[in-house]
Amino acid sequence: SMAPFLGLLGKGSQLVFNAIGKITGGEFLDDLAGFIAAINDLFGGFTERAKRVSEALRSPDVAFVLVTSPDPMAIEEINFFAERLRAFAMPKDAFVVNRVHVPAPDGDPTDALRAAGLTPSAELLAAVAQAGDDARLLAVRDAQNLTRRRAGDAGDKDALVVQVPAFDGDVHDVRALARVGELLVGA
């Protein structure tokens, strides 16, 4: 019946529902009251489940590992997401920065060709030297972007940061996946 439902409403709302009842009939209002009760039950259940999930996500058994790349947009997104987690008191254990270009070893990159007993052409030497310069620039760019990630660390000073270097090819087999695993957790 509609009576308990109307009892929850103010007098103004009761007058409106009484007027609707005169136009549509009491059966419509009873159906409406049943619908509203069902919605309340449904959302009440959602609310309780959401509360339990929220508590579970804050428990000591749960931590978030945020994965990004050194790309500036990805760094901004991960800093934003880390801030949201911090605002909701969610635990974070680690940041994984994937596809990081690491600095090339010191020295002339063409030395390896010569050390192998090869006599490369001038064009090949120029291409190898250019590739070495490009690799150094990428490494410097990534290091600068990672500094921007650390600038978002106000509440994450103790978070573990693991860098996975950029591979020459995609990770598409077990061997490459095992290499990623070793870099993540240590050999």
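Because the structure is a prediction, the values reported are computed rather than measured.
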Problem set entry | Whether Asn145 side chain and Pro70 backbone form a donor-acceptor pair below 3.5 Å | yes
Exercise. Counting N and O atoms only, with roles assigned by atom type, does the side chain of Ser59 sit under 3.5 Å from a partner on the main chain of Glu55, one being a donor and the other an acceptor?
Worked result: no
Partners meeting side-chain contact (heavy atoms from CB on, under 4.5 Å) with [X] (sequence neighbours left out):
| X | value |
| --- | --- |
| Val140 | Gln144 |
| Leu184 | Val96, Val162, Val164, Val180 |
| Phe80 | Arg84 |
| Leu57 | Val53, Val62, Phe64, Met90 |

For this session: Scan for salt bridge (Lys or Arg N to Asp or Glu O under 4.0 Å) pairs involving residues 163-175, sequence neighbours excluded, and state none if there are none.
Result: none
Checking [X] now: which residues fulfil side chain to side chain donor-acceptor pair (under 3.5 Å) with it, not counting sequence neighbours?
| X | value |
| --- | --- |
| Arg99 | none |
| Asp134 | Gln130 |
| Glu77 | none |

Seminar exercise, completed: Sequence neighbours excluded, the answer for salt bridge (charged side-chain N to carboxylate O under 4.0 Å, His left out) partners of Arg52 is Glu48
Exercise. Any link between Leu137 and Ile75 through a network of hydrophobic side chains (Ile, Leu, Val, Met, Phe, Trp, Tyr) touching at under 4.5 Å?
Worked result: no
For this session: Examine Val65 and Val171 and state if one hydrophobic cluster contains both, with Ile, Leu, Val, Met, Phe, Trp and Tyr joined whenever side-chain heavy atoms are less than 4.5 Å apart.
Result: yes
For this session: Identify which one of Leu146, Leu66, Ile78, Val67 satisfies the side-chain contact (heavy atoms from CB on, under 4.5 Å) criterion when paired with Val97.
Result: Leu146
Exercise. How far apart are the C-alpha atoms of Phe167 and Asn98, what are their side-chain angles, what is the distance that settles it, and do they pass the side chain to side chain contact (heavy atoms under 4.5 Å, CB included) test?
Worked result: CA-CA 10 Å; Phe167 292 174; Asn98 193 22; over 6 Å; no
